[in-house]
Amino acid sequence: MISFMPYPVRIEDIVVETEDGSLKTFTLAFEQERHRKGWQHVPGQFVMLSVAGAGEAPVGLASSPTEETLLCTVNRAGMVTTALHQLKVGDRLGLRGPLGNGFPLDGEMKGKNIVMIAGGFAVTILRAALMAVLARRQDYGRVTFIYGARSPGMLLYQQELRQWAQRGDIDLYVTIDREAPGWAGLVGFVPTIAAQVAPSPENSVALICGPPIMIKFTMPPLEAIGWKDEQVYLSLENRMKCGQGLCCHCNVGPTLVCKDGPVFTRAQVKRLPMEY
Amino acid sequence: MQTVMISPAELDALIEKWQTYYAVYVPALAKPAAATTDWAPGWRRFVEGEPLILPVGPTPASVKTFYFPQPETLLSFSLEENHPDKGAMREPVKSQGMQVVLGVRPCDAASVLLNQLPFIEDPLYMANCQRTALVGFTCTSRLSTCFCTEMGGSPLHSAGLDLALSSLEDGFILEVLSEKGEILVAGCNLVPASASDMAGLTARRQGAAPGDSVQLQLLRSCALNRLYEAPMWQALGEACINCGACTFICPTCFCFDIQDEVVQGQGRRIRYWDSCMFPLYSQHTSGHNPRGKKLQRTRNRFLHKLKYFPDRFGPFSCVGCGRCIGDCPVNIDIREVLSDLVRCTELE
């Protein structure tokens with residue numbers, strides 16, 4: 001059943017993620033126990049966050065259902081997200097969801113080697129996917145996580161990145177676009193690093209989230225070593241209003257990003273008109 | 001369900017009886033002097049004693065407004081500083097009263113059924129379906145822009161109506177088609193229609209056979225890419241000025257926008273009709289627009305009706321009322337678009 005009534009949630013914590021302050025991670029708590037108990041989601045799904053008076057905006061969930069808390073990392077871009085960024089701990093929000101399909105963690109990904117490639121703040125939903133994989137690490141093969149940002153100060157989840165680096169069961173590659181003072185890690189665009197890492201396509205699934213230009217240049221080196229479009233999962237975004245396949249705003253030809261997606265294989269995306 | 005005869009005088013009496021229990025709307029042929037609560041765009045409340053005049057062909061405005069009013073309140077909230085529940089979102093209070101829409105044409109009745117396909121899980125739309133009764137008149141003549149038969153409909157169809165009236169020389173055959181229709185005629189002592197009158201109506205209906213035409217079948221079986229990449233969109237996109245008139249008068253265009261509206265500390269979230277003809281409709285916050293070109297938006301509207309919707313739900317999302325043909329400022333004719341598309345399916 002379609003619903004436009006958000007669940008009331010409170011902001012429990014706010015972390016300013018990036019040096020320019022454009023990205024904040026909000027820890028959200030349901031006001032009502034029955035909403036908290038009834039909540040289930042799949043990494044890759046999104047919610048509509050609403051600020052009364054400003055409106056609603058779609059935001060990918062940054063946390064995995066295996067975690068205690070619900071996290072949304074929000075880029076300050078338009079009216080709603082700007083209003084969101086002005087809120088304080090304890091303030092009230094509306095949350096509608098979970099919406100969309102999510103990554104096939106229990107489907108095509110299970111038992112496979114997992115390659116996650118993220119550019120910029122699109123890493124948020126891959127954080128959710130990675131946390132779910134780590135919670136059931138034995139269900140998956142090798143895990144490769146490639147993540148790039150413009151500069152060290154634009155990297156999200158920095159504390160967790162350090163923890164992941166020390167685990168030993170993730171091949172972690174964190175890169176920045178250009179040399180920066182104090183940065184001893186990888187330097188180079190995500191496609192370049194992906195080409196160097198060259199993860200094997202054998203028994204593997206890749207989740208790639210980032211700006212279209214990054215995806216465009218990441219694919220050729222992967223294709224060169226045998227990756228097929230059916231193995232690669234992308235997450236589309238389009239302007240959305242209802243998030244439930246009704247208002248038609250997010251349509252890409254006959255496909256509705258909010259309801260049929262936002263996660264699609266690259267093979268599926270290639271069959272769609274270029275309207276995303 | 002019964003089929004009875006009703007004289008014009010009996011019909012007048014029946015409408016006056018409805019008037020005491022329900023809100024009865026009739027087509028507004030002229031613009032009302034002022035917008036009142038007794039008014040829906042293109043429709044007005046029935047006034048006792050006034051004759052019911054129906055235009056040839058479809059009514060000026062479609063019945064969409066009764067099912068999908070604009071705006072429709074989705075929720076309300078208070079932003080007053082001292083309000084104990086500041087920012088808390090509350091369910092809206094919905095009107096429950098029955099409304100009778102009188103003078104509906106078969107094309108519009110068909111549109112209600114089509115719109116139910118996407119809206120079947122929308123509680124607001126379905127609640128409006130529950131409280132709205134459609135009393136329709138089958139068509140005895142048609143406008144040059146009418147093309148319901150090309151879209152698989154018929155000027156004599158009754159699908160979607162609660163009561164259907166078909167005129168005879170000295171009155172009407174009244175078909176009672178639903179429970180709501182039964183309630184509307186309850187307690188009336190009307191004479192059952194004679195076998196010959198019913199046979200006459202059936203014969204007339206058979207003349208206008210419904211179903212997919214050969215053209216529609218071609219369109220249905222054609223791959224999307226061929227239609228999407230058809231060269232015809234170039235000229236059409238240049239002609240169309242993206243005014244959106246067609247989308248607003250269309251009975252089967254149903255996309256909507258959602259916005260928050262705050263007046264003196266009291267807010268509500270509303271949905272209202274939008275149009276895929278407008279650039280902002282698809283523009284991302286970043287400024288990127290997947291349908292930034294006029295051509296892309298024009299193509300989206302027609303393909304939504306003639307390909308995307310049928311691929312998803314089955315029927316075509318057009319009832320052939322022809323309103324868009326009459327109102328388009330640059331004379332775009334959806335019938336020509338349709339036949340151009342069909343020609344594309346035949347090209348090698």
Side-chain angles (χ1 to χ4, degrees), chain A residues 1-10 31 48 50-58 75-83 87 91-96 211-212 236-257 259-260 270-276, chain B residues 72-79 85-92 118-126 224-225 227-229 253-262 265 267-269 271 274 276 280-291 296 299-300 303-304 307-312:
Chain A
M1 194 49 96
I2 282 171
S3 169
F4 295 97
M5 277 305 295
Y7 301 130
V9 295
R10 295 255 179 207
E31 278 189 10
M48 281 284 180
S50 59
V51 184
E56 290 186 301
N75 179 37
R76 189 184 65 232
M79 264 173 56
V80 180
T81 51
T82 301
L87 297 180
D91 282 346
R92 175 185 267 155
L93 282 181
L95 180 147
R96 208 148 58 74
L236 293 187
E237 41 181 57
N238 252 357
R239 191 185 180 100
M240 287 174 192
K241 288 293 174 175
C242 74
Q244 299 167 96
L246 194 59
C247 78
C248 296
H249 276 259
C250 67
N251 82 299
V252 179
T255 301
L256 297 164
V257 172
K259 192 177 178 179
D260 305 325
K270 273 188 166 172
R271 286 195 289 270
L272 296 176
M274 278 287 283
E275 288 187 1
Y276 45 87
Chain B
E72 175 129 51
T73 304
L74 301 177
L75 54 87
S76 64
F77 50 86
S78 174
L79 291 182
D85 258 343
K86 188 188 169 197
M89 298 178 188
R90 298 183 297 264
E91 296 263 7
F119 278 93
I120 189 78
E121 289 188 49
D122 181 82
L124 302 165
Y125 188 94
M126 295 314 285
L224 167 64
N225 279 353
L227 301 177
Y228 189 86
E229 280 151 22
C253 267
F254 59 85
C255 74
F256 58 86
D257 194 6
I258 300 176
Q259 293 286 341
D260 283 12
E261 180 184 78
V262 183
R268 58 178 189 157
R269 181 161 294 161
R271 76 171 172 199
D274 204 348
C276 61
L280 267 183
Y281 181 86
S282 49
Q283 185 170 304
H284 292 196
T285 316
S286 65
H288 167 65
N289 196 339
R291 285 195 292 272
Q296 294 170 312
R299 172 171 58 194
N300 186 69
L303 283 187
H304 181 258
K307 191 64 185 169
Y308 306 159
F309 189 95
D311 276 0
R312 205 171 184 94

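Heavy atoms only, all atoms of each residue included: B:Leu75 and A:Pro6 are closest at CD2-CD, 3.5 Å. Across every non-hydrogen atom of B:Pro290 and A:Asn238, the tightest pair is CG-OD1, 3.3 Å. Among all heavy-atom pairs drawn from B:Arg271 and A:Leu246, the shortest one is NH1-CD2, 4.3 Å.
At a threshold of 4.5 Å between non-hydrogen side-chain atoms, the residues A:Pro254 and B:His304 do not count as touching. With contacts defined as side-chain heavy-atom distances shorter than 4.5 Å, the pair B:Tyr125/A:Ile2 does not qualify. By the 4.5 Å heavy-atom criterion applied to side chains, B:Phe256 and A:His249 are not counted as neighbours.
B:Arg269 contributes atom CZ, which lies 4.0 Å from atom OG of A:Ser50 (distance to the nearest 0.5 angstrom). With values rounded to the nearest 0.5 angstrom, B:Arg291 atom CZ is found 13.5 Å from A:Tyr276 atom OH. B:Thr285 contributes atom OG1, which lies 10.5 Å from atom CE of A:Met79 (distance to the nearest 0.5 angstrom). How far CE of B:Met89 is from CZ of A:Phe4: 14.0 Å, rounded to the nearest 0.5 Å. Rounding to the nearest 0.5 Å places CZ of A:Arg239 at 10.5 Å from OG of B:Ser286. From B:Tyr308, atom OH reaches atom CG of A:Leu256 across 11.0 Å, with rounding to the nearest 0.5 Å.
By number of non-hydrogen pairs under 4.5 angstrom with chain A, the leading residue of B:Leu303, B:Asp85, B:Asp311, B:Asn289 is B:Asp85. Interface remark: of the candidates B:Asn225, B:Ile120, B:Asp260, B:Asp260 forms the most heavy-atom pairs closer than 4.5 Å to chain A. The candidate from B:Arg299, B:Gln259, B:Glu91, B:Lys86 with the greatest count of non-hydrogen atom pairs under 4.5 Å with chain A is B:Glu91. The most heavy-atom pairs under 4.5 Å with chain A, out of B:Val262, B:Leu124, B:Asn300, come from B:Asn300. Among the candidates B:Ser78, B:Ala88, B:Cys276, the residue making the largest number of heavy-atom pairs closer than 4.5 Å to chain A is B:Ala88. Note: A:Arg92 leads A:Met274, A:Glu31, A:Arg92 in heavy-atom pairs under 4.5 Å with chain B.
Looking at B:Leu74, the atoms closer than 4.5 Å to chain A (heavy atoms on both sides) sit in the backbone and in the side chain alike. Contacts of B:Phe309 with chain A are absent, with no heavy-atom separation under 4.5 Å from either backbone or side chain. Using a 4.5 Å cut-off between heavy atoms, A:Cys250 makes no contact with chain B at all. With a threshold of 4.5 angstrom between heavy atoms, B:Ile258 approaches chain A through its backbone and through its side chain. With a threshold of 4.5 angstrom between heavy atoms, A:Val80 does not approach chain B through any atom at all. Heavy-atom distances place both the backbone and the side chain of A:Asn251 under 4.5 Å from chain B. Neither the backbone nor the side chain of A:Ala57 comes within contact range of chain B, judged by heavy atoms closer than 4.5 Å.
For the pair B:Tyr281 (side chain) and A:Cys248 (backbone), a donor-acceptor distance under 3.5 Å is present.
Annotation: side chain to side chain contact (heavy atoms under 4.5 Å, CB included) contacts of A:Ser3 (sequence neighbours excluded): A:Met5.
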>> Is there a side chain to side chain contact (heavy atoms under 4.5 Å, CB included) between A:Glu275 and B:Tyr228? Walk through the geometry before answering.
In response: CA-CA 11 Å; A:Glu275 288 187 1; B:Tyr228 189 86; 2.7 Å; yes
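Between B:Arg312 and A:Asp260 there is a salt bridge, with a side-chain nitrogen of the basic residue lying less than 4.0 Å from a carboxylate oxygen of the acidic one.
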